[in-house]
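Heads up, the thing below is written out as structure tokens.
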Amino acid sequence: QVHLAESGGGLVQAGGSLRLSCAASGRTFSSYAMGWFRQAPGKEREFVAAISWNSGSTYYADSVKGRFTISRDNAKNTVYLQMNSLKPEDTAVYYCAAERTRATELLPLLPDFGSWGQGTQVTVSS
């Protein structure tokens with residue numbers, strides 16, 4: 001099992017940018033698909049972005065497409081979420097997630113992410 005630790009959250013004004021990082025433990029990081037999810041107060045957790053083990057495939061929620069970019073560095077056991085043009089509705093706790101698979105079709109994997117970090121708070125002020 002992989003252990004995940006998010007960082008990089010904070011308070012930013014609307015229109016600003018943040019980059020989240022998620023550091024993973026272990027030597028098998030390159031065997032995992034990685035994802036970012038978020039949960040706003042009073043709402044269910046929702047999918048944000050995902051990336052395949054080799055960065056060959058990415059998938060985004062419609063609400064963040066064109067503004068957020070997911071990437072990974074397997075040599076550093078880290079996945080990133082670059083968030084630009086932030087909106088108040090992006091305010092949430094952001095969670096990193098992992099699933100051990102080398103599948104490249106990401107949409108079917110979304111319900112299966114089994115390892116989760118503790119989350120990092122992102123607050124966007126208007």
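Every heavy atom of this structure was used, including side-chain atoms; hydrogens, water molecules and symmetry mates were not.
We find that D62 and K65 are joined by a salt bridge, their nearest charged nitrogen and carboxylate oxygen being less than 4.0 Å apart.
With sequence neighbours excluded, the residues satisfying side chain to side chain contact (heavy atoms under 4.5 Å, CB included) with V64 are R38, V48, Y60, A61, R67, F68. Legend: residues meeting side chain to side chain contact (heavy atoms under 4.5 Å, CB included) with N54, ordered by chain and number and at least two apart, are S52. Applying the side chain to side chain contact (heavy atoms under 4.5 Å, CB included) test to A40 and every residue at least two apart in sequence or in another chain returns K43, A92. Evaluation of the salt bridge (Lys or Arg N to Asp or Glu O under 4.0 Å) rule for R102 yields no partner, not counting sequence neighbours.
Using a 4.5 Å cut-off between side-chain heavy atoms of Ile, Leu, Val, Met, Phe, Trp and Tyr, with links allowed through other members, V93 and Y80 fall into different hydrophobic clusters. Both L20 and L86 belong to a common hydrophobic cluster when Ile, Leu, Val, Met, Phe, Trp and Tyr are linked at side-chain heavy-atom distances under 4.5 angstrom. With hydrophobic clusters built from ILVMFWY side chains whose heavy atoms lie under 4.5 angstrom apart, L81 shares a cluster with V122.
Rounding to the nearest 0.5 angstrom, the gap separating the OG atom in S57 from the CG atom in L107 is 11.5 Å. Rounding to the nearest 0.5 angstrom, the gap separating the CG atom in L18 from the CD atom in Q82 is 8.5 Å. Between the CG atom in N74 and the OG1 atom in T28 there is a gap of 10.5 Å [rounded to 0.5 Å]. Interatomic distance, SG of C22 versus OH of Y94, reported as 15.0 Å (0.5 Å rounding). Going from atom OG of S63 over to atom CZ of F47 covers 9.5 Å, rounded to the nearest 0.5 Å. Note that the NE2 atom of H3 and the CG atom of N77 stand 13.0 Å from one another [nearest 0.5 Å].
Residues S71 and V79 come closest through the heavy atom pair O-CG2, 3.1 Å. For the residue pair G35 and F113, the shortest heavy atom distance occurs at N-CE2, 3.6 Å. Of all heavy-atom pairs between A14 and S126, the closest is CB-CA, 4.4 Å. When all heavy atoms are compared, the tightest approach of F29 to A24 is CD1-CB, 3.4 Å. Considering all non-hydrogen atoms of both residues, E6 and G117 come closest at OE2-CA, 3.2 Å.
For residues 113-122, the set of pairs meeting the side-chain hydrogen bond (donor to acceptor under 3.5 Å, both in side chains) definition, not counting sequence neighbours, comprises Q121-T123. Applying the side-chain hydrogen bond (donor to acceptor under 3.5 Å, both in side chains) test to residues at least two apart or on different chains, the pairs with a partner in residues 10-22 are S17-N84.
Looking only at side-chain heavy atoms (C-beta outward), Y59 and L110 come within less than 4.5 Å of each other.
Figure legend: cation-pi geometry between R72 and Y32 absent, as NZ or CZ is not positioned both under 6.0 Å from the six-membered ring centre and within 45° of its axis.
Put simply, the side chain of T91 gets close to the backbone of V124: a donor and an acceptor are under 3.5 Å apart.
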- Message: Working note: M34 + L4, criterion side chain to side chain contact (heavy atoms under 4.5 Å, CB included); need CA distance, chi angles, decisive distance, verdict.
- Response: CA-CA 10 Å; M34 300 298 297; L4 306 172; 3.9 Å; yes
